[in-house]
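In what follows, a single structure is set out as structure tokens and then discussed.
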Amino acid sequence: MANIPVHWKRIVMVGWDLFAWAAAFIAFVLIRYDFELNERQWIASLAFVVSLMVTHMVVGFASHQYLGRSKVASYAETTWLGVLVLGVSSVLGLIFILFVPDFPRALALVMPAFALVVMAAARWAFRGIFGMVRTRAVAEEDSIPVLVYGAGEAGTEVARLVATSPDARYRILGFLDDDRHKRFRRVYGHRVLGTGADLQAVVKQTRAEQVILAMGNPSPNLIQQISDDCTAIGAKLIVVPPVHQRIGGRVSLNELREFNVVDLLGRRQVETDLSDIAGLVTNKVVLITGAGGSIGSELSRQVHKLGPQKLFLLDRDESALHGVQLSIYGNGLLDTEETVLCDIRDLDALQRVIDASKPDVIFHAAALKHLPMLERFPLEGWKTNVIGSLNVLRCAAAAGVPRVVNVSTDKAADASSILGQSKRIAERLTSFYAMSKGLNYVSVRFGNVLGSRGSVIHSFKSQIERGGPITVTHPDVTRYFMTIPEACQLVLQAAAIGKPGDVLVLDMGEPVRIVDVAKRLIEVSGRTDVEIQFTGLRPGEKLHEVLFGELEAGVPSDHPLISQVTVPVLDPAQITFENDDREHVLDMLLSQAVDQPVAPAAGDEVGAAAAGVEDAQVSHAASRG
């Protein structure tokens, strides 16, 4: 049928519909009148039928019904056919009933229904026969036998594509669905063979090689369970991408992919309001600290796409600056004023950069982030994460920069490590400058980032390549995860919706067990000889991270997936700069990372500015709640 020229297809379709009118007329006259019509009735009836056939054909072409308006035998095509038949027959029937003597009225009322049934029957037969031919063709080819997990909308779409796509490489053996009300359902002729609990048995019974997970928002626990069952039975797990990753929101066979670690996140993607963000970034001067890092470089790329007037990339690592410039502009010459080599620890150098660039927005992503390293070298964490952040805030406030977004971490909630404590202090300092200076300075708090430099993914992959073992601190340790693009989208969204002093926290769904990530990476590698060793929690490390501290209560923000918390302000006057004294720094980290406001120092100008901050902060939190 696919090889028949288009004009012949149209001729066949028009011819069949005209035949349907004639057949319906003969059948009706036979059944209703036994062909016993007088001469005038015969003439009136034949004139009516001929008029119907001519008008039907003319209107059919005029409305593009026969010119490919809809796919043959589709719901839309059948609906338009019904509208055409009923519309033409109603108009002509009314005319004949009113103006033609001896016209059998029953002919205008009943015969169109007969004709429509005949027309539709041919289309349904075509669809059924074509589907059978297609199914047989797939079965005879070198296709992959699969089970589809999920008999809902996504599963039905997969079955439709497999049944109608000429290059489909799958052969569906049946469906699985946890909804027991669907146990008798058939999707494109394929039965629901059981629930998820029956997966291993059904795979053995049908000899399926792959399982396609076709569900809208499966939980990470369900995904992991299905993955474990598939691994145990030797079947490969294929997933239908989430709606936000599909073209036009629809399933495509080309988009089906193997299950990966990102699928364990089990969380809705952050949808960024580009109109809000564009107003903050487009045609504005933007400065990004730590622009060469994993977060900073992706953030730089996303900001660049929004068309800033100037984008200043600041980092202390010249190789990192070379890499991010190359990824954005296609060259790594490092010869423009927008690439800035500067250490945020150097207050004077940083002030010169900010004064010269005059940014409208600063995204502060520069930080030391490796927890065990900072436990060993707390002075370095203090210098960068606390003093460096304070330098950024101080220089920005002095230059009148209206917006600063401080990139924080979930380890700042109930901080138990040097990393968490230093980032907590940075949050409190950001809140101080926002509340005391009336500036729109906010912090953004999120969990671990998949794929960032030094992340668990890179560590595990490296260990697998070396033959193992993979080292995991504890069999029950969990972490919140997000992808690098999501993290950067959150930072951008924070700039759009954040109010002065806010700490914005992403709804990160359920935490993921690190050992599950390790197991999945071993499976993907195809190696069976890699072991997992448990080394014990490191100093300052938690078994389970939290997004909110014990004294914090997240309240809704203007974004459905982002919550807001208010942190106590910290007067910079309480920060002293004895960087060479380890014990002093440790004491400062422990004392200043707590959830209690610090009283301002008497007579101090900056401290005095904070005198009314606590009351303002309480009022601010109440207005947000």
Side-chain angles (χ1 to χ4, degrees), residues 71 73-75 78 124-125 127-243 245-246 249-259 263-264 266:
K71 186 177 180 180
S74 67
Y75 175 80
T78 306
W124 293 332
R127 183 169 182 171
I129 293 171
F130 181 77
M132 290 175 61
V133 172
R134 167 64 190 147
T135 302
R136 292 191 185 115
V138 171
E140 292 169 359
E141 294 173 0
D142 186 19
S143 55
I144 303 171
V146 299
L147 292 172
V148 179
Y149 196 119
E153 182 178 345
T156 301
E157 186 71 7
V158 169
R160 184 190 67 80
L161 290 171
V162 169
T164 58
S165 300
D167 57 347
R169 62 185 183 274
Y170 300 108
R171 174 163 46 92
I172 297 178
L173 305 178
F175 280 76
L176 297 168
D177 199 287
D178 292 326
D179 186 351
R180 296 189 178 276
H181 295 292
K182 297 178 181 178
R183 64 184 183 277
F184 298 118
R185 177 171 295 184
R186 281 171 170 75
V187 182
Y188 279 83
H190 306 293
R191 288 183 53 204
V192 174
L193 302 176
T195 65
D198 306 315
L199 188 149
Q200 294 191 34
V202 175
V203 168
K204 287 182 179 179
Q205 177 186 348
T206 60
R207 298 183 180 180
E209 296 178 6
Q210 297 182 4
V211 175
I212 299 176
L213 177 58
M215 298 180 68
N217 276 310
S219 68
N221 291 335
L222 176 61
I223 295 175
Q224 187 60 55
Q225 181 60 53
I226 297 172
S227 176
D228 292 343
D229 288 342
C230 288
T231 300
I233 205 66
K236 182 182 292 185
L237 178 58
I238 305 295
V239 299
V240 174
V243 175
Q245 295 180 12
R246 304 178 201 160
R250 297 182 65 83
V251 176
S252 169
L253 293 181
N254 293 330
E255 294 173 342
L256 300 187
R257 54 171 171 74
E258 289 190 37
F259 163 68
D263 295 313
L264 289 175

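Residues take their numbers from the sequence shown, with the count starting at 1.
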Residue pair T195 / L176, side-chain heavy-atom distance below 4.5 Å: no
Backbone of I223 reached by a side-chain donor or acceptor of S227 within 3.5 Å: no
Short side-chain to backbone donor-acceptor contact, D178 and G196, under 3.5 Å: yes
Taking every non-hydrogen atom, the tightest pair across F175 and A159: CZ-CB, 3.8 Å
Interatomic distance, L199 atom CG to L193 atom CG [nearest 0.5 angstrom]: 11.0 Å
Single hit among V146, V158, L161, V148 for side chain to side chain contact (heavy atoms under 4.5 Å, CB included) with Y170: V146
Heavy-atom pair with the smallest gap, counting every atom of V203 and A235: CG1-CB, 4.3 Å
Inter-residue atom distance R171.CZ - H190.NE2, 0.5 Å rounding: 10.5 Å
Gap separating the CG atom of L147 from the CD atom of E209, nearest 0.5 angstrom: 11.0 Å
Main-chain N/O of A151 paired to R185 side chain as donor or acceptor, under 3.5 Å: yes
Nearest atoms (heavy-atom pairs only) where L173 meets P145: CD1-CB, 3.6 Å
Rounded distance (nearest 0.5 Å) linking atom CD of Q200 with atom CD1 of I233: 5.0 Å
Minimum heavy-atom distance M215-A154, with the two atoms named: N-CB, 4.3 Å
Rounded distance [0.5 Å steps], CD1 in I172 versus OG1 in T206: 12.0 Å
Value rounded to 0.5 Å, distance of CG in L222 from CG in L213: 6.5 Å
Shortest non-hydrogen contact from D177 toward G152: OD2-N, 4.1 Å
Within-4.5 Å side-chain heavy-atom neighbours: D229 and Y149: no
